[in-house]
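One structure below.
FYI, side chains are in, hydrogens and waters are out, and symmetry mates aren't considered; it's all heavy atoms of this structure. Numbers restart at 1 for each chain; the letters A, B, ... are given by sequence-line order, proteins then strands.
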There are 2 protein chains.
Amino acid sequence: MMQVNTSSDLQEERQRLDAFFRFGISVDCVVFGYDGENLQVLLIERGAEPYKGFEAIPGDLVSLNEDIDQATKRVLNDLTGLPDIYLEQLSTFGAVERHPMGRVVTVVYYALLDKNLYNPHPASWASEAYWKNLDEIGEMAFDHRQILEAAVQHLHHKVQHQPIGFELLPEEFTLAQLQHLYETILNTSFDKGNFRKKMLSMNVLIPLDKMQKEVRHRPARLYRFDQQRYEQLVQKGYLFEL
Amino acid sequence: MMQVNTSSDLQEERQRLDAFFRFGISVDCVVFGYDGENLQVLLIERGAEPYKGFEAIPGDLVSLNEDIDQATKRVLNDLTGLPDIYLEQLSTFGAVERHPMGRVVTVVYYALLDKNLYNPHPASWASEAYWKNLDEIGEMAFDHRQILEAAVQHLHHKVQHQPIGFELLPEEFTLAQLQHLYETILNTSFDKGNFRKKMLSMNVLIPLDKMQKEVRHRPARLYRFDQQRYEQLVQKGYLFEL
DNA sequence: ACAAAAGTGTTACACGTACACCCATGA
DNA sequence: TCATGGGTGTACGTGTAACACTTTTGT
């Protein structure tokens with residue numbers, strides 16, 4: 001069995017390679033939300049250079065003693081006040097000229113959120129923090145436009161293979177809400193009866209003894225997503241489709 | 001319209017942030033191959049510290065003036081002599097302690113290759129370069145074991161949704177070869193007739209007027225993958241499945 | 001003639017699609 | 001009682017799974 005080297009040897013080698021250790025690493029957090037009508041993204045307005053005043057995806061430089069996974073939660077909380085939420089890694093952007101202040105490679109994460117749960121508040125160097133409809137977004141800082149497009153593409157793909165739609169809805173929702181969400185994300189329309197059959201046949205929805213109230217038509221039944229059951233099914237090799 | 005700041009302002013700001021710019025970035029290239037029997041990975045033996053003598057995924061530090069996408073090709077060629085091949089980004093590993101020589105975040109790429117096309121030759125600080133069966137791989141340098149497992153998982157998933165299997169085979173192949181490859185990757189078995197029907201019904205295989213030779217049974221027809229046709233289908237929203 | 005693998009055909013069943021229809025509520 | 005969306009049922013065609021069968025080669 002081989003031995004990992006002593007630390008003095010490593011320091012020497014490290015000095016030889018010093019010119020390689022001048023990168024900055026940042027994380028960017030694309031957080032999707034849904035207001036019942038439109039798909040939205042959490043944005044900040046930059047209150048610091050570079051790109052001061054531009055809209056941007058919440059993100060910041062990572063410290064030397066910080067895991068990048070953990071940095072996402074810290075950064076998101078610092079800039080927008082959102083609490084610890086689960087963020088999944090998407091991809092990494094590392095073009096040479098993407099950051100005017102030096103060589104910064106950014107690791108992009110994304111999350112889905114019921115936007116009614118938390119209200120973003122700008123802090124740190126973010127001068128604003130708000131939700132914005134996906135189709136109303138214009139110019140952005142850095143290559144964030146490109147990053148956002150990659151995230152949307154990923155969402156399109158993912159929503160068809162994993163039951164992530166539920167994360168965007170309140171805990172209790174109707175099938176019509178779910179259907180409308182899917183139609184919005186995928187920009188298509190589904191047959192009501194078939195959508196309903198499909199969703200129910202997957203056995204990951206718990207029907208509640210609650211109904212909608214104060215609607216001027218027949219009230220719809222409310223459902224909850226059954227996370228436990230879903231995980232059981234995944235373990236048995238079950239694949240969510242459409 | 002906002003103005004990006006002058007370069008002297010940026011330099012000042014950059015100095016304030018100097019402690020953040022001490023990361024190293026590396027790329028690691030997981031290259032899968034297939035010898036007609038087993039799924040394999042291209043490995044090197046490290047001829048330099050740290051982890052000298054350990055098996056590793058080909059990878060190296062990225063230079064400050066080098067795009068990370070381009071670095072993959074350079075690194076792979078430097079270490080194993082393989083030419084420019086298309087590598088796709090997989091994910092990024094950034095735990096604090098993953099590299100004993102400093103803070104190194106690594107971006108992992110992967111590729112599929114007909115391993116009969118090129119022979120790896122070790123160069124630079126790689127003391128060996130060779131193909132190894134996936135199920136014979138033991139301890140590895142750094143967190144490369146973990147990286148490899150992520151790549152295999154990704155391959156499992158991807159092969160079911162995109163026709164990437166063809167990249168592992170010679171340009172001309174039989175349906176039985178294709179089936180065996182899929183069975184190997186997914187570790188299952190398919191019904192011959194049904195597999196054949198499914199593959200042919202997708203219209204991305206071009207039947208050739210060539211047959212296998214020198215086999216002691218009925219020779220099989222050879223096929224080629226129709227890349228053009230596939231891209232047409234993708235544009236029409238067609239999705240490859242199973 | 002036989003072994004071995006290529007290649008085809010048949011059938012039963014599950015599933016997706018399209019569409020029609022009934023139900024409960026507020027105004 | 002009407003408009004509105006919730007919710008259900010059915011009929012048809014396509015796709016999948018299981019399995020048996022025929023074909024072509026080398027020995």
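In summary, contact between chain A and DNA chain C, defined as any nucleotide atom under 4.0 Å from a heavy atom of the protein, begins and ends at C:dG16 to C:dG26 in the 5' to 3' direction.
Looking at residues two or more places apart in sequence or on another chain, you find no salt bridge (charged side-chain N to carboxylate O under 4.0 Å, His left out) involving A:Asp67. Among residues two or more places apart in sequence or in another chain, the ring pair (Phe, Tyr, Trp, His ring centres under 6.0 Å) test is passed with B:Phe173 by B:Phe166. Under the side-chain contact (heavy atoms from CB on, under 4.5 Å) criterion, B:Arg218 pairs with no residue at all, not counting sequence neighbours. Residues that satisfy the side-chain contact (heavy atoms from CB on, under 4.5 Å) test with A:Ala220, not counting sequence neighbours, are A:Thr174, A:Gln212. The side-chain contact (heavy atoms from CB on, under 4.5 Å) search around B:Glu231 returns B:Gln227, not counting sequence neighbours. Contacts of B:Arg229 classified as side-chain contact (heavy atoms from CB on, under 4.5 Å), with partners at least two apart in sequence or in another chain: B:Asn203, B:Asp226, B:Gln232, B:Leu233.
Residue contacts shown for B:Arg196 include a base, since a base heavy atom lies under 4.0 Å away.
Legend: salt bridge (charged side-chain N to carboxylate O under 4.0 Å, His left out) pairs involving residues 140-163 of chain B, not counting sequence neighbours, sorted by first then second residue: B:Glu88-B:Lys158, B:Arg98-B:Asp143, B:Arg145-B:Glu149. Sequence neighbours left out, the pairs with a member in residues 166-180 of chain A that pass salt bridge (charged side-chain N to carboxylate O under 4.0 Å, His left out) are A:Glu171-A:Arg224, A:Glu172-A:Lys210.
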Mind listing the N/O atom pairs, protein and nucleotides 19-21 of chain D, below 3.5 Å?
{"unit_1": "D:dC19", "atom_1": "N4", "unit_2": "B:Asp191", "atom_2": "OD1", "d": "3.4"}

Between the protein and nucleotides 24-27 of chain D, which nitrogen or oxygen pairs come in under 3.5 angstrom?
{"unit_1": "D:dT24", "atom_1": "O2", "unit_2": "B:Arg218", "atom_2": "N", "d": "3.2"}

Please output the side-chain donor-acceptor pairs of residues 190-198 of chain B that fall under 3.5 Å, not counting sequence neighbours, one pair per line with the distance.
{"unit_1": "B:Asp191", "atom_1": "OD1", "unit_2": "B:Gly193", "atom_2": "N", "d": "3.1"}
{"unit_1": "B:Asp191", "atom_1": "OD1", "unit_2": "B:Asn194", "atom_2": "N", "d": "2.9"}
{"unit_1": "B:Asp191", "atom_1": "OD1", "unit_2": "B:Asn194", "atom_2": "ND2", "d": "3.4"}

